[in-house]
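Quick note: residue numbers are just sequence positions, from 1.
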Amino acid sequence: MLNNADQVEQLLQTNGKGAKAQVGYDLTLKEVKRIKGGSVLQDATLVNEYAQVPTTTQNGREVFILPAGEYSLTFEQGVKLPSGKTAFIRHRSSILRCGGIITSGVYDPGFEVDEMGGVLIATQPITIEKGARVAQIIIFDNFDAELYAGQWQGNRDVK
């Protein structure tokens with residue numbers, strides 16, 4: 001079952017930013033890096049170092065100016081999932097209307113991180129203000145499961 005906004009917010013570290021949505025929580029953009037590929041092996045994932053995307057000032061706003069491409073996003077919110085919850089991150093419709101798709105891997109039961117991350121695939125050039133609400137986390141109930149203890153747990157997450 002899909003959780004409502006109040007249930008989702010209880011599992012987040014909002015850092016006073018973002019906003020409740022009907023069945024999730026809107027995530028705000030902290031940082032953007034350009035994805036440079038990597039290797040997926042049987043026992044590990046090796047990610048090539050991402051290239052930091054600087055902000056610039058445009059009309060008095062701090063923005064990321066992004067050509068079409070693939071980007072790693074860091075959000076200002078964190079999460080800590082118990083054994084009965086699984087989460088996903090999806091783009092807000094405003095990003096989709098500008099030619100962008102934001103997604104995440106599965107946030108497994110037991111996963112915790114201070115700042116969540118996702119991937120933006122920009123099919124067109126897009127300008128995004130730092131701190132803008134760009135994605136939404138949605139959380140589902142699941143039967144109790146083993147807790148995640150993998151390569152990307154906590155501060156080892158690559159964003």
Using side chain to side chain contact (heavy atoms under 4.5 Å, CB included), reason through Ile35 and Tyr71 one step at a time and then give a plain yes or no.
CA-CA 5 Å; Ile35 294 175; Tyr71 299 91; 5.6 Å; no
For side chain to side chain contact (heavy atoms under 4.5 Å, CB included), just list the numbers for Ile102 and Leu73, CA-CA rounded to whole Å, side-chain angles, deciding distance to a tenth of an Å, and then say yes or no.
CA-CA 9 Å; Ile102 295 174; Leu73 306 180; 3.6 Å; yes
Check against side chain to side chain contact (heavy atoms under 4.5 Å, CB included), Phe64 and Thr127:
CA-CA 6 Å; Phe64 298 96; Thr127 299; over 6 Å; no
Working note: Leu81 + Asp108, criterion side chain to side chain contact (heavy atoms under 4.5 Å, CB included); need CA distance, chi angles, decisive distance, verdict.
CA-CA 7 Å; Leu81 295 172; Asp108 289 309; over 6 Å; no
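Among pairs with a residue in residues 9-18, those fulfilling side-chain hydrogen bond (donor to acceptor under 3.5 Å, both in side chains) read Lys17-Glu76, at least two apart in sequence or across chains. Residue pairs meeting the side-chain hydrogen bond (donor to acceptor under 3.5 Å, both in side chains) criterion with at least one member in residues 80-90, sequence neighbours excluded, are Asn3-Lys85, Ser83-Asp144, Lys85-Asp141, Thr86-Asn142.
The NE2 atom of His91 lies 13.5 Å from the CG atom of Leu27; values are rounded to the nearest 0.5 Å. One distance of note links CD1 of Ile139 with OH of Tyr25; it measures 12.0 Å at 0.5 Å rounding. Taking CD1 of Ile137 as the start and CD1 of Ile89 as the end, the distance is 5.0 Å to the nearest 0.5 Å. Taking OG1 of Thr56 as the start and CZ of Arg61 as the end, the distance is 14.0 Å to the nearest 0.5 Å. Remark: Leu66 CG to Ile128 CD1 distance equals 5.5 Å, nearest 0.5 Å. To the nearest 0.5 Å, atoms OH (Tyr107) and CE (Met116) are separated by 6.0 Å.
Checked against side-chain contact (heavy atoms from CB on, under 4.5 Å), Gln52 has the following partners two or more places apart in sequence or in another chain: Glu31, Lys33. Taking Ala51 as the reference, Arg34, Lys36 meet the side-chain contact (heavy atoms from CB on, under 4.5 Å) condition, with sequence neighbours excluded. Every ring-ring contact (aromatic ring centres under 6.0 Å, His included) that Tyr148 has, sequence neighbours left out, goes to Phe111.
Using a 4.5 Å heavy-atom cutoff, the side chains of Ile126 and Ile95 are in contact. Side-chain contact between Asp6 and Lys20 is present, with heavy atoms from C-beta onward closer than 4.5 Å. Counting only heavy atoms from C-beta outward, the side chains of Arg92 and Arg133 approach each other to under 4.5 Å. With a 4.5 Å cut-off on side-chain heavy atoms, Leu11 and Pro82 count as touching. For the pair Thr28 and Phe75, the minimum side-chain heavy-atom distance is 4.5 Å or more. Looking only at side-chain heavy atoms (C-beta outward), Val63 and Lys130 stay at 4.5 Å or farther from each other.
Val119 and Val47 fall within the same hydrophobic cluster, where Ile, Leu, Val, Met, Phe, Trp and Tyr residues are linked whenever their side-chain heavy atoms come under 4.5 Å apart, directly or through other members. Under the 4.5 Å side-chain heavy-atom criterion for grouping Ile, Leu, Val, Met, Phe, Trp and Tyr, Val23 is connected to Phe140 within one hydrophobic cluster. Follow the hydrophobic side-chain contacts under 4.5 Å out from Leu2 and you reach Phe88 in the same cluster. Hydrophobic clustering, with ILVMFWY side chains joined whenever heavy atoms are under 4.5 angstrom apart, keeps Ile138 apart from Leu120.
Side-chain heavy-atom separations under 4.5 angstrom define the hydrophobic clusters, and the remaining members of the one that includes Leu46 are Leu41.
In terms of heavy-atom proximity, Gly24 sits nearest to Ala5 at O-CB, 3.5 Å.
In this structure a side-chain-to-backbone donor-acceptor pair under 3.5 Å is missing from Thr74 to Lys30.
Checked by atom type, the side-chain pair Ser93/Arg97 shows a donor-acceptor distance below 3.5 Å.
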